Amino acid sequence: QVQLVESGGGLVQSGGSLRLSCAASGKTSGIVVMGWHRRVPGKEREVVALISNFGVTTYGDSVMGRFTISRDTAKNTIDLQMNNLKPEDTAVYYCYANSNFWGHGIQVTVSS
């Protein structure tokens with residue numbers, strides 16, 4: 001099992017920045033990819049950003065150029081630097097590892 005704990009969410013004004021972090025613990029040796037999804041009530045879950053063990057990154061279209069994902073493989077942590085935040089970025093952000101381990105989620109609210 002892998003445990004994931006997110007931190008860093010909160011409230012920010014439009015145009016501001018936040019940094020999310022996710023720490024993995026447990027059986028982390030098998031982790032190949034980590035990333036972030038987000039969910040808004042009433043909408044489908046959306047891929048925000050992914051990063052592989054080799055540092056290959058993927059971003060959702062809506063965050064491209066504004067968000068940056070990074071990974072410290074030795075520490076089993078990932079960060080998501082979110083810049084130029086918009087009200088439509090408001091969501092619960094979930095850290096995940098591979099396709100079957102998820103954090104509890106952390107709220108990000110962007111006010112207009």
Side-chain angles (χ1 to χ4, degrees):
Q1 292 291 330
V2 173
Q3 294 78 45
L4 301 169
V5 177
E6 302 106 332
S7 61
L11 172 65
V12 66
Q13 288 189 332
S14 182
S17 298
L18 280 175
R19 189 176 185 89
L20 303 183
S21 295
C22 175
S25 61
K27 294 185 177 181
T28 59
S29 59
I31 295 176
V32 175
V33 61
M34 294 183 70
W36 298 89
H37 284 202
R38 67 187 183 188
R39 176 168 280 170
V40 176
K43 295 186 178 181
E44 291 188 2
R45 188 176 63 199
E46 178 185 5
V47 173
V48 177
L50 320 173
I51 186 166
S52 76
N53 277 354
F54 300 103
V56 177
T57 58
T58 301
Y59 294 93
D61 289 342
S62 62
V63 307
M64 188 84 69
R66 300 187 296 123
F67 291 11
T68 303
I69 189 169
S70 59
R71 182 171 179 176
D72 188 328
T73 305
K75 295 181 179 179
N76 293 309
T77 60
I78 59 170
D79 289 335
L80 183 69
Q81 178 65 41
M82 305 185 293
N83 297 328
N84 190 23
L85 282 160
K86 305 175 181 180
E88 50 265 40
D89 293 317
T90 296
V92 178
Y93 285 69
Y94 296 89
C95 175
Y96 80 97
N98 292 348
S99 60
N100 51 352
F101 298 108
W102 294 84
H104 291 294
I106 191 165
Q107 179 70 45
V108 170
T109 302
V110 184
S111 63
S112 57

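If you read the sequence from its start, that first residue is 1, and numbering goes on from there. In what follows, every heavy atom counts, from backbone to side chain, and hydrogens, waters and symmetry copies are set aside. Since this is a predicted model, take the numbers as computed values, not measurements.
Side-chain heavy atoms closer than 4.5 Å link hydrophobic residues (I, L, V, M, F, W, Y) into clusters, and following such links, even through other members, never connects Leu20 to Tyr96. If you chain together hydrophobic residues whose side chains sit under 4.5 Å apart, Tyr94 and Trp36 never meet in one group. A continuous path of hydrophobic side-chain contacts links Phe101 to Ile31 [ILVMFWY only; heavy atoms under 4.5 Å]. Under the 4.5 Å side-chain heavy-atom criterion for Ile, Leu, Val, Met, Phe, Trp and Tyr, Phe54 and Tyr59 are members of distinct hydrophobic clusters. Cluster membership for Ile69 and Val48, using ILVMFWY side-chain heavy atoms within less than 4.5 angstrom, is shared.
Interatomic distance, Leu18 CG to Asn83 CG, rounded to the nearest 0.5 Å: 9.5 Å. Note: Ser14 OG to Leu85 CG = 8.0 Å, rounded to the nearest 0.5 Å. Rounded to the nearest 0.5 angstrom, Arg71 CZ and Thr77 OG1 are separated by 9.0 Å. Between Thr28 atom OG1 and Lys75 atom NZ the span is 14.5 Å, to the nearest 0.5 Å. Interatomic distance, NE2 of His37 versus CD of Glu44, reported as 12.0 Å (0.5 Å rounding).
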Mind listing the side-chain donor-acceptor pairs of residues 102-112 below 3.5 Å, one per line with the distance, residues two or more places apart or on another chain?
unit_1	atom_1	unit_2	atom_2	d
Gln107	NE2	Ala91	O	3.4
Gln107	NE2	Thr109	OG1	3.3

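Here the shortest heavy-atom pairing between Tyr93 and Glu6 reads O-OE2, 3.9 Å. Residues Cys95 and Ile78 approach most closely at SG-CD1, 4.0 Å, considering heavy atoms.
A 4.5 Å side-chain heavy-atom check between Met82 and Val12 finds every atom pair outside the cut-off. Contact of the Arg38 side chain with the Asp89 side chain is registered, since non-hydrogen atoms from C-beta on lie closer than 4.5 Å. Contact annotation: the side chain of Thr58 never approaches that of Val47 to less than 4.5 Å [non-hydrogen atoms, C-beta and beyond].
Crowding of Asn100 atom CG: a count of heavy atoms from other residues, nucleotides or ligands under 6.0 Å exceeding 12.
Looking at Asn53, its side chain never comes within 3.5 Å of a backbone N or O of Thr73 through a donor-acceptor pair.
Applying the salt bridge (Lys or Arg N to Asp or Glu O under 4.0 Å) test to Asp79 and every residue at least two apart in sequence or in another chain returns Arg19.
Residue Val40 shares its hydrophobic cluster (ILVMFWY side chains chained together at separations under 4.5 Å) with no other residue.
No side-chain donor-acceptor contact under 3.5 Å links Ser62 and Glu88.
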